[in-house]
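Below you'll find the structure, written out as structure tokens, and then a few comments.
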Amino acid sequence: MTASTWQPHTESTTELLDPAPVAALAALLDDGLPAPGPGDPLPPLWHWVALPRWAASGVLGPDGHPRRGSFLPPVELPRRMFAGGEILLHAPLLVGSTVRREAEVVSATEKNGRSGALVVVDVRIRLFTDTDQLAVEETQHLIYREAAPAPEQPAQPPSAEDTLPRTPLHRTADNAWELRTDPSLLARFSAATANAHRIHYDWPYATGVEGYPGLVVHGPLQAIALAEIHRLMGGAPVRELRHRGRAPLFCGQPARLLATAMPDGVALELFGPGGASAGPNATVDVTTD
């Protein structure tokens, strides 16, 4: 991080749990569950969609994210990843209600990893109901990394089959599902979550500038898909979630979702094309009431 006068501070806003993006996410998932409407409780993790925060176009940086140095610290490393977090659910959030949102950066730690320098930024978010009851406590872990080396060969575009829109979640067994992604799914999720990060929809940028082999599937989309299969299986009410992004998943790659019962909840894992032998690409550990 560069030396500056930046200091962490708390942002407090009053926001609407907007029914429109909630309906958009329900349409995107298209999993047979009814779309939550005004007055209905918001499913776990759906506050990422129900509280979209659109930045003004003039404050966006080259990657599509707002330039750092205002709320987030002035980290110079260009690659940003949503690495995971922890969420405590104290009370339901109702679609269409007004909530108070408090957010603050609680730490920014410089480290050296296998791929070079990185900075881990932890952001704490608290959501209060319109009666000022604490409903959600969340910590998000953001990782900033050095730029990738320029690819030796241009990435190959996906096949026509891989770009066909399709229903994202497909059940394959009692406790197993497939997640099928395509460019339209990623673009719609970016729009629903007010996420302008170009790695999710801009093929030339994702492959030529950041050096990825394809469009990157959003970490929050993977976490929501995992939490959604808990709902589809009729799981008990969620009290706590711990989600981790462990390896990137790219658009069109096969992904298998697996639910395993635990003494106090369920372990949800997403395996990419490497399968179980390569370990999960993403996990969500759910503690239930």
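Just so it is clear, the values below take in all heavy atoms, side chains as well, and ignore hydrogens, waters and symmetry mates. In this chain, numbering begins with 1 at the start of the sequence shown. From a predicted model like this one, the values you see are computed outputs, not experimental measurements.
For residues 178-187, the side-chain hydrogen bond (donor to acceptor under 3.5 Å, both in side chains) pairs, not counting sequence neighbours, are Asp182-Ser184. Screening residues 230-241 for side-chain hydrogen bond (donor to acceptor under 3.5 Å, both in side chains) gives Glu228-Arg231, Arg239-Asp289, Glu240-Arg242 as the qualifying pairs, with residues at least two apart or on separate chains. Listed by first and then second residue, the side-chain hydrogen bond (donor to acceptor under 3.5 Å, both in side chains) pairs that reach into residues 30-45 come to none, sequence neighbours excluded.
Judged by distance alone, the side chains of His243 and Gln222 never bring a donor and an acceptor atom under 3.5 Å apart.
With respect to Glu210 and Arg79, a salt bridge is recorded, a charged nitrogen being found less than 4.0 Å from a carboxylate O.
Smallest separation of non-hydrogen atoms from His65 and Asp63: N-OD1, 2.9 Å. Heavy-atom minimum distance, Val105 versus Phe71: CG2-O, 3.6 Å. The shortest heavy-atom contact between Ser12 and Glu102 is OG-CG, 4.0 Å. Across Asn281 and Phe271, no two heavy atoms sit closer than the pair OD1-C, 4.0 Å. The nearest pair of heavy atoms linking Pro36 to Pro41 is CB-O, 4.2 Å. Residues Leu94 and Gly39 share a closest heavy-atom pair of CD2-O, 3.7 Å.
The main-chain N or O of Gly274 is found under 3.5 Å from a side-chain atom of Ser277 such that the two form a donor-acceptor pair. Formation of a donor-acceptor pair under 3.5 Å by the Asp18 side chain with backbone atoms of Pro21 is not found in this model. Under a 3.5 Å cut-off, the side chain of Arg188 and the backbone N or O of Ala191 do not form any donor-acceptor pair.
Side-chain contact check for Leu169 versus Leu257: some heavy-atom pair is nearer than 4.5 Å. Annotation: side chain of Leu215 is not in contact with side chain of Ile199 (no heavy-atom distance under 4.5 Å). You'll find the side chain of Asn112 stays beyond 4.5 Å of the side chain of Leu118, heavy atoms only. Counting heavy atoms from C-beta on, the side chains of Arg100 and Thr13 never come closer than 4.5 Å. In this structure, Ile143 and Val119 have side chains that are not in contact, with every pair of non-hydrogen atoms separated by 4.5 Å or more. Residues Leu17 and Leu42 meet the side-chain proximity criterion, which asks for heavy atoms closer than 4.5 Å.
The side-chain hydrogen bond (donor to acceptor under 3.5 Å, both in side chains) check on Thr129 picks up Thr131, with sequence neighbours excluded. Not counting sequence neighbours, the partners of Tyr212 by the ring pair (Phe, Tyr, Trp, His ring centres under 6.0 Å) test are Phe250.
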Given the rule in the salt bridge (Lys or Arg N to Asp or Glu O under 4.0 Å) test, do Arg53 and Glu11 qualify, once you have shown the distances and angles that lead to the verdict?
-> CA-CA 13 Å; Arg53 298 173 63 81; Glu11 285 188 349; 3.5 Å; yes
For residues 80-91, run the donor-acceptor check on the side chains, cut-off 3.5 Å, and write out each pair with its distance to 0.1 Å, sequence neighbours left out.
residue, atom, partner, partner atom, Å
Glu86, OE1, His141, NE2, 3.2
Glu86, OE2, His141, NE2, 3.0
Glu86, OE2, Arg244, NH1, 3.0
Glu86, OE2, Arg244, NH2, 2.7
His90, NE2, Glu137, OE1, 2.6

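Just one residue in the list His197, His218, Arg198 forms a side chain to side chain donor-acceptor pair (under 3.5 Å) with Ser190, and that residue is His218.
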